[in-house]
*Asks:* 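Pasting a structure here, questions to come.
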Amino acid sequence: MKQYTLEGRARSKNGVKRLCFSAFCILLEAAFIVMMITKLNEYAEIVNLITRLFAGVLVLALYASDKTSSMKMPWVILILIFPIMGVALYLLIGLNGGTRKMRERYADIDRKLLPLLPDNVACLEKMNAKIPKAGNISAYIQRNAHYPVYQNTDVIYYDAAEKGLDAQLEDLSKAEKFIFMEYHAIEDDKAWKKIQNVLEERVKAGVEVRVFYDDMGSIGFINTDFVKKLEFAGIHCRVFNPFMPGLNVFLNNRDHRKITVIDGKIGFTGGYNLANEYFNYTHPYGQWKDTGIRLEGDAVRSLTITFLEMWNAVSMKDINDTDFDQYLVKSDYQAAQEGFIQPYADSPMDDEQVGEEVYISMINKAERYCWFMTPYLIITDEMTHALCLAAKRGVDVRIITPGMPDKKLIYSITRSFYHGLVKNGVRIYEWTPGFCHAKMSVADDCMATCGTINLDYRSLYHHFENGCFMADSQTVLDIRDDLGATMNECREVTEKYRTGRSAYLRLGQLFMRLFAGLL
């Protein structure tokens, strides 16, 4: 019997709702066409004039906006060809960034929380002096995302989600004050039950435990009693974007972050959710490849701030924190490593695409190589240009994508980007054992990222995400080695998409490419 991945099923449910509304808009467009050719023609002309005037103004506004052309062009074409359907769809899902009240909540909590982060100017200056190109990227993150760079932090890299889970369970069992967990998807099954057993034991020991998850990411995989069950066990639980709080918010903005914080001293992040398939308890699409990192030391403060932002901004109805200092502890921990570590967050509530800009900056700064692993490859013109230009400069640019798709439509769009990249020198690898869900990059043996940010429009423009930028760290080399080992398990499809039949885009791919940003 055919199986589906947790995120695949959640995305499919979301896609069905989007499809239903799209069908409704198409019916409106069809009704208008019928009006044009029947007795109602005189009314249709008035509707046509008003609609086209409004559509024209909307197109001009889109053209003048700061959005990337890859995001603007599909809407412009759709609105001009089918004004009623196009305008309706744009008003529903094109106005990214949530409601005005939602933006205000995030702005308000950020005004309180972000000043509690250290500026660490001396650390940034040291980084700039030692590795200028990495320091330049770090300065961008600090200036625009407001998350500083740290030292005095030890990092452990896990090349498999199973290793990350084992380490988390061990550290969770030692928690003394508080545990924060924020995940896009939770499946109330084997993997989660292991975690919940530890959480319940810690609650009995007097530890404060908070769990935060995305409703869209987890819908269908936990029942309606999940929150009540956790609260009954003493685990505080909040849900991001509960079912139908508002159509635009529900369809577009999701919490895709994956964070665990223990006592403000130890933190985990990476690509994996808390569901069976991520730990290879189930195998819907062959072997599952995911990765993560463990932080211990000063940099955990940024992960704590990121969690507290979401916890306190998610709803006006909840009683929020008034004393943040109790969770922003200062410890006397002395790290063995000397690398530079910079956890950061990205939000659709502002106009800064931090995740994309960090990736593009790494590509632009790379001199020898720049490698990526991503489950989806649906990128903007700006990122495509950066990748191709780097390859033309002689940089070894490689991208690893899955060998087995979790969503055939998205996989087809991913492959549609191959030819434009490989003809300019980018090398593409597909991981044959199964589905690689990890989101990583590494360049020149000196800088790397690991986190939740895919190379696709949804991650880069619509989701709440988080990542960790690392430089001059052993973890950078660990990520490099893992990507190298993963490539040995891949089929390289560079030549196939440069010269073979697969290089030519078919009409269906061209159409789906055009509207990839709307998926």
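Note that this is a predicted model, so its numbers are computed, not measured.
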*Asks:* Do Lys289 and Ile400 touch side chain to side chain, with heavy atoms closer than 4.5 Å?
*Replies:*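 Not in contact.
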*Asks:* Should Lys163 and Asp159 count as an ion pair when the cut-off is N to O under 4.0 Å?
*Replies:*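 A salt bridge is present here (some side-chain N lies under 4.0 Å from a carboxylate O).
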*Asks:* Considering the options Tyr272, Trp288, Trp192, which one meets the ring pair (Phe, Tyr, Trp, His ring centres under 6.0 Å) requirement together with Tyr278?
*Replies:*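 Option passing the ring pair (Phe, Tyr, Trp, His ring centres under 6.0 Å) with Tyr278: Trp288.
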*Asks:* Shortest non-hydrogen contact from Met127 to Ala471?
*Replies:*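 Where Met127 meets Ala471 most closely, the heavy atoms are CE-CB, 3.6 Å.
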*Asks:* Can you see which heavy atom on Cys370 is nearest to which on Ala366, and at what distance?
*Replies:*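 Looking at all heavy atoms of both residues, the closest pair is CB-CB, 3.9 Å.
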*Asks:* Taking the side chain as every heavy atom from C-beta outward, state whether Ile410 and Pro405 have any atom pair closer than 4.5 Å.
*Replies:*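 The answer is no, as the side chains (C-beta and beyond) never meet within the 4.5 Å cut-off.
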*Asks:* Which class fits the ring pair Tyr359 and Phe372: parallel under 30°, tilted 30 to 60°, perpendicular over 60°?
*Replies:*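 If you compare the ring of Tyr359 with that of Phe372, the planes turn out perpendicular.
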*Asks:* Evaluate the ring planes of Trp371 and Tyr369, with Trp represented by its six-membered ring, and classify them as parallel (under 30°), tilted (30 to 60°) or perpendicular (over 60°).
*Replies:*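 If you compare the ring of Trp371 with that of Tyr369, the planes turn out tilted.
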*Asks:* Looking at Lys258 and Glu182, is there a salt bridge between them, counting it only when a charged N and a carboxylate O are closer than 4.0 Å?
*Replies:*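 So Glu182 does not pair with Lys258 through a salt bridge.
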*Asks:* Between Asp406 and Tyr376, do the side chains contain an N or O donor and an N or O acceptor separated by less than 3.5 Å?
*Replies:*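 Tyr376 and Asp406 do have a side-chain donor-acceptor pair below 3.5 Å.
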*Asks:* Under 3.5 Å, side chain of Arg480 to main-chain N/O of Ala448, donor-acceptor pair present?
*Replies:*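 Not at all, since once roles are kept as given, no pair shorter than 3.5 Å links the two residues.
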*Asks:* For residues Pro343 and Leu295, determine if any side-chain heavy atom of one lies less than 4.5 Å from a side-chain heavy atom of the other.
*Replies:*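 In contact.
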*Asks:* Thinking salt bridges, do Arg415 and Glu430 make one under a 4.0 Å N-O criterion?
*Replies:*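 Answer for the salt bridge query: yes.
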*Asks:* When you measure from the side chain of Ser416 to the backbone N and O of Ile413, does any donor-acceptor pair fall under 3.5 Å?
*Replies:*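 Yes.
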*Asks:* Evaluate whether atom CD of Glu492 has more than 12 neighbouring non-hydrogen atoms of other residues, nucleotides or ligands under 6.0 angstrom away.
*Replies:*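 Counting neighbours around CD of Glu492, more than 12 heavy atoms of other residues, nucleotides or ligands fall under 6.0 Å, so yes.
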*Asks:* Run through Asp214, Asp255, Thr260 and flag the one making a side-chain hydrogen bond (donor to acceptor under 3.5 Å, both in side chains) with Tyr183.
*Replies:*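 So, applying the side-chain hydrogen bond (donor to acceptor under 3.5 Å, both in side chains) to Tyr183 and each of Asp214, Asp255, Thr260, only Thr260 qualifies.
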*Asks:* Thinking salt bridges, do Glu352 and Arg143 make one under a 4.0 Å N-O criterion?
*Replies:*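 Salt bridge: no.
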*Asks:* Answer yes or no: is there a donor N or O on one side and an acceptor on the other, between the side chain of Gln151 and the main chain of Glu338, under 3.5 Å?
*Replies:*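 Confirmed, Gln151 side chain pairs with Glu338 backbone.
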*Asks:* Under a 4.0 Å N-O cut-off, is there an ion pair linking Arg398 with Asp396?
*Replies:*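 Here Arg398 pairs with Asp396 in a salt bridge, since their nearest N and O are under 4.0 Å apart.
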*Asks:* I need the single residue from Asp154, Thr269, Asp171 that forms a side-chain hydrogen bond (donor to acceptor under 3.5 Å, both in side chains) with Arg294. Which is it?
*Replies:*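 Exactly one candidate clears the test, Asp171.
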*Asks:* State, with a plain yes or no, whether a side-chain heavy atom of His256 is found less than 4.5 Å away from one of Phe464.
*Replies:*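 Result no, sub-4.5 Å side-chain heavy-atom pair not found.
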*Asks:* What is the minimum heavy-atom distance between Tyr157 and Ile293, and which atoms define it?
*Replies:*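 Nearest heavy atoms, Tyr157 then Ile293: CD1-CG2, 4.0 Å.
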*Asks:* Got Val300 and Thr153 here, is their nearest side-chain heavy-atom distance under 4.5 Å?
*Replies:*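 Val300 does not reach Thr153 side chain to side chain.
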*Asks:* Can you tell which of Ile141, Asn136, Ile137 makes a side chain to side chain contact (heavy atoms under 4.5 Å, CB included) with Ser361?
*Replies:*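 Single side chain to side chain contact (heavy atoms under 4.5 Å, CB included) partner of Ser361 among Ile141, Asn136, Ile137: Ile137.
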*Asks:* Ser412 side chain to Lys408 main-chain N or O, any donor-acceptor pair under 3.5 Å?
*Replies:*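 Answer holds: no.
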*Asks:* Do the side chain of Ser459 and the main chain of Ile453 share a donor and acceptor less than 3.5 angstrom apart?
*Replies:*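 No, the answer is negative, given that no donor and acceptor are paired below the 3.5 Å cut-off.
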*Asks:* Assess whether a salt bridge exists between Arg368 and Asp445, defined as any Lys/Arg side-chain N lying under 4.0 Å from an Asp/Glu carboxylate O.
*Replies:*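 Yes, Arg368 and Asp445 are salt-bridged.
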*Asks:* For the pair Phe212 and Phe307, name the ring-plane relationship: parallel under 30°, tilted 30 to 60°, perpendicular over 60°.
*Replies:*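 Correct class here is perpendicular.
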*Asks:* Between Thr380 and Glu356, do the side chains contain a donor N or O and an acceptor N or O under 3.5 Å apart?
*Replies:*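 Note: Glu356 and Thr380 side chains meet the donor-acceptor criterion.
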*Asks:* So, Tyr429 versus Trp431, ring centres under 6.0 angstrom or not?
*Replies:*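 Ring centres of Trp431 and Tyr429 not closer than 6.0 Å.
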*Asks:* Glu162 vs Asn280, test: side-chain hydrogen bond (donor to acceptor under 3.5 Å, both in side chains). Steps then yes/no.
*Replies:* CA-CA 8 Å; Glu162 300 93 310; Asn280 283 295; 2.9 Å; yes
*Asks:* Quick check: does any side chain N or O of Gln342 sit under 3.5 Å from a backbone N or O of Tyr147, one acting as donor and the other as acceptor?
*Replies:*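 Flag set: sc Gln342 to bb Tyr147 pair under 3.5 Å.
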*Asks:* Heavy atoms, side chains only, cut-off 4.5 Å: are Met440 and Leu483 in contact?
*Replies:*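 In short, these two side chains touch, coming nearer than 4.5 Å.
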*Asks:* So does Met404 have more than 12 non-hydrogen atoms from other groups sitting under 6.0 Å from CE?
*Replies:*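 Count over threshold, so yes.
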*Asks:* Have Tyr418 and Ser502 got a donor and an acceptor in their side chains that come within less than 3.5 Å?
*Replies:*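 On atom types as modelled, these side chains do not qualify, holding no pair under 3.5 Å.
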*Asks:* Are any of the side-chain heavy atoms of Val397 and Ile363 separated by less than 4.5 Å?
*Replies:*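 SC-SC contact between Val397 and Ile363 ruled out.
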*Asks:* Would you confirm whether Ser473, through its side chain, and Thr475, through its main-chain N or O, come within 3.5 Å as a donor-acceptor pair?
*Replies:*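 Yes; judged by distance alone, with no hydrogens or angles, the pair exists.
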*Asks:* Just checking, any donor-acceptor pair under 3.5 angstrom between side chains of Asp290 and His437?
*Replies:*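 His437 and Asp290 do have a side-chain donor-acceptor pair below 3.5 Å.
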*Asks:* Would Tyr497 and Lys423 count as having a side-chain donor-acceptor pair, cut-off 3.5 Å?
*Replies:*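 There is no such pair between these side chains.
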*Asks:* Looking only at non-hydrogen atoms, find the nearest pair between Pro148 and Gln142 and report the distance.
*Replies:*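 Looking at all heavy atoms of both residues, the closest pair is CA-OE1, 3.4 Å.
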*Asks:* We want to know whether Thr401 and Thr414 form a side-chain donor-acceptor pair, criterion being a heavy-atom distance below 3.5 angstrom.
*Replies:*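 Checked: Thr401/Thr414 side chains show no N/O donor-acceptor pair below 3.5 Å.
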*Asks:* How far apart are the C-alpha atoms of Lys194 and Asp189, what are their side-chain angles, what is the distance that settles it, and do they pass the salt bridge (Lys or Arg N to Asp or Glu O under 4.0 Å) test?
*Replies:* CA-CA 9 Å; Lys194 287 185 177 182; Asp189 208 331; over 6 Å; no
*Asks:* Kindly say whether Cys388 contributes a backbone atom to a donor-acceptor pair with the side chain of Asn424 at under 3.5 angstrom?
*Replies:*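 Flag not set: sc Asn424 to bb Cys388 has no pair under 3.5 Å.
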*Asks:* Between Thr486 (side chain only) and Asp482 (backbone N and O only), is there a donor and an acceptor less than 3.5 Å apart?
*Replies:*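 Checking the backbone N and O of Asp482 against the side chain of Thr486, a donor-acceptor pair under 3.5 Å is found.
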*Asks:* If only atom types and distance count, is the side chain of Thr374 paired as donor or acceptor with the main-chain N or O of Ile399 below 3.5 Å?
*Replies:*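 Side chain of Thr374 to backbone of Ile399, a donor-acceptor pair under 3.5 Å: no, none is there.
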*Asks:* Compare every heavy atom of Lys439 with every heavy atom of Thr452, then report the nearest pair and how far apart it is.
*Replies:*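 Shortest heavy-atom contact: O-CE, 3.6 Å.
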*Asks:* Quick check: do Lys130 and Phe340 have side-chain heavy atoms less than 4.5 Å from each other?
*Replies:*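 Yes, side chains in contact.
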*Asks:* Would you say the side-chain atoms of Asn276 and Lys190 include a donor-acceptor pair closer than 3.5 Å?
*Replies:*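 The answer is no; no qualifying pair exists.
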*Asks:* Examine the side chains of Glu382 and Thr68 and answer whether a donor and an acceptor come within less than 3.5 Å of each other.
*Replies:*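 The criterion, which ignores hydrogens and geometry beyond distance, is satisfied for Thr68 and Glu382.
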*Asks:* What pair of heavy atoms forms the shortest contact from Tyr140 to Gln353, and how long is it?
*Replies:*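 Heavy atoms of Tyr140 and Gln353 come nearest at OH-O, 4.0 Å.
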*Asks:* Answer yes or no: is there an ion pair linking Lys133 with Asp444, defined by an N-O contact shorter than 4.0 Å?
*Replies:*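 Here Lys133 pairs with Asp444 in a salt bridge, since their nearest N and O are under 4.0 Å apart.
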*Asks:* Just by distance, with hydrogens left out, do Tyr344 and Asn466 show a side-chain donor and acceptor under 3.5 Å apart?
*Replies:*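 Not at all, the side chains of Tyr344 and Asn466 share no donor-acceptor pair under 3.5 Å.
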